[in-house]
Q: 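Okay, here's the structure, questions in a sec.
Keep in mind that this is a model prediction, so the values were computed, not measured. All ligand and atom numbering here is 1-based and tracks the order in the structure.
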Amino acid sequence: MENETRLIAGGIVLTMNNNDDMLTDGAVLVENGRIADIGPSAELLSKYAGVEVLDAAGQVIMPGLVNLHLHSGLIRGTAEDLPVFEWLHRYVDPKHRALQQEEAYAAARLSYAEGIKSGTTSVLDMYRHVHRCADAADEIGVRAVFAPYVADRPGYDYFETLESNIRLIEDRNGSAQGRIHVWVGLEHLSYCTEEAYREAARIAEKWGTGIHTHGEESIEMAKEVYKNYGRWPVELFYDRGILGPRTVLAHCVWMQESEMELMAKTGAAVAHCPVSNLKLASGIAPIHEMAERGIKIGIGTDGVKENNNLDMMEEMKYVPLLQKVRHYDAKVMKADKVLRMATIDGAKALGQDGEIGSIELGKKADIITVDFRKLHLTPVLTQTYNNIVSNLVYSAQGSDVQNVMVDGKLLMKDRVLTTVDEEQVRQAGQYAAEQLLERREAFIPEQYKFHGV
Ligand SMILES: [Zn+2]
């Protein structure tokens with residue numbers, strides 16, 4: 001399967017290369033997991049006669065989407081309508097405490113399958129029992145970077161530790177033919193000590209990995225940090241040595257000028273999660289300002305507990321809408337910039353833009369096709385009023401994704417998952433969620449327990 005040769009032909013090829021080249025009737029040859037040729041359909045069909053063809057008529061052939069901040073999860077729709085810290089203590093921390101390995105595995109399968117069905121080929125996943133998430137990614141075929149939920153402040157001993165993180169790096173970094181990477185993960189400033197950050201920087205240096213953690217979400221959190229340390233969160237990250245070209249900070253909603261300067265100077269990236277920021281009432285991240293300063297920006301869905309889906313097609317639409325209204329300027333944040341964030345810029349944040357994120361010769365074949373033969377995507381125009389990119393960012397839905405390929409292997413063909421049984425994944429997710437929620441009850445603090453009306 002890994003070495004299947006296939007010609008994806010007859011579609012609109014959106015390369016996302018530096019010139020934003022687009023072929024209106026194009027084809028891509030995939031061989032040994034990589035992109036071996038790109039050109040007009042007629043030319044490649046005759047040049048590679050006999051090779052299996054994936055017919056992409058009426059579809060857009062483009063790089064797979066990079067979900068730059070995800071938590072696999074099971075508690076969709078059950079953690080609603082609370083501000084972030086109350087929400088963490090009421091719903092999320094007790095869940096972490098109750099979570100067992102097999103539930104993490106079911107959650108990861110559910111989350112990656114949902115992502116693939118809406119065009120996600122790469123995830124940066126922060127979760128627990130990550131060796132089981134790595135098993136899930138290995139089986140299902142998604143490309144994954146893992147950053148375990150490490151916490152070391154008193155009271156959080158049920159989280160992952162830097163020791164378990166190191167073991168995971170040793171065991172799984174570079175596994176699944178290079179599809180799986182392991183970084184150092186740190187939950188959040190209020191969960192981790194200063195020493196944890198300094199040690200994380202040492203581990204990342206020693207093993208040559210990246211670092212992923214949450215930046216500031218709420219204004220209260222940013223002010224609390226400033227009150228306690230006299231430094232804003234990103235300044236504190238800088239002081240503790242974790243900012244660098246392979247660091248991804250989720251959210252970064254409340255950013256001082258000094259913090260943006262540090263991000264730009266060190267090459268650290270932001271994982272922008274607009275829906276999560278809206279739902280938890282965190283605010284609107286200054287994405288336009290950060291982009292102007294050359295800061296690397298990708299897009300993440302966050303988890304199902306804060307989104308409540310993992311549809312990167314839907315997520316993209318929120319990015320320009322929020323920036324336009326933040327600036328009361330419709331010219332801000334054009335669709336092509338947003339699509340780059342969801343593809344090549346996300347890959348850059350992961351340090352993988354040499355291998356994925358665009359359709360270019362020699363790159364790994366992480367490719368999706370999106371069916372544009374839909375009422376909500378009509379008209380399809382490629383000449384004077386070219387609307388392909390606008391349609392993708394503003395009009396497309398995850399369910400328009402028709403085929404998904406990672407490393408040249410089809411993970412979804414005509415909307416059917418090929419590596420796992422979708423119904424089995426769904427049922428296992430349902431069962432695991434019921435078990436988890438039941439066991440979580442014992443860990444919910446007394447003041448949050450529901451005592452009836
Ligand atoms: Zn998060």
Q: Would you please name every residue forming a side chain to side chain donor-acceptor pair (under 3.5 Å) with S190, sequence neighbours left out?
A: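 Side chain to side chain donor-acceptor pair (under 3.5 Å) list for S190, sorted by chain: H188.
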Q: Would you mind telling me which of V66, L65, L14, I356 makes a side-chain contact (heavy atoms from CB on, under 4.5 Å) with T343?
A: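 When V66, L65, L14, I356 are each tested with T343, the side-chain contact (heavy atoms from CB on, under 4.5 Å) holds only for L65.
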Q: Would you verify whether the NZ or CZ of R179 falls within 45 degrees of the ring axis of Y112 while also being under 6.0 Å from that six-membered ring's centre?
A: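 No, cation not above the ring by the 6.0 Å, 45° rule.
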Q: Write out all pairs satisfying ring pair (Phe, Tyr, Trp, His ring centres under 6.0 Å) with one or both partners inside residues 201-227, taking only residues at least two apart or from two chains.
A: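 Every pair satisfying ring pair (Phe, Tyr, Trp, His ring centres under 6.0 Å) with a residue in residues 201-227: H69-H212, H69-H214, H71-H214, H214-H251, Y226-W232.
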Q: Enumerate the protein N/O/S atoms at a distance below 2.8 Å from the Zn ion (ligand 1), ignoring waters.
A: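 Atoms qualifying: H69 NE2, H71 NE2, H214 NE2, D302 OD1.
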Q: Can you sort out the partners of R172 under salt bridge (Lys or Arg N to Asp or Glu O under 4.0 Å), two or more places apart, ordered by chain and number?
A: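 Per chain and number, R172 pairs via salt bridge (Lys or Arg N to Asp or Glu O under 4.0 Å) with D135.
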Q: Side chains of I35 and E360: does their closest heavy-atom pair fall under 4.5 Å?
A: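 No; the side chains remain at least 4.5 Å from each other.
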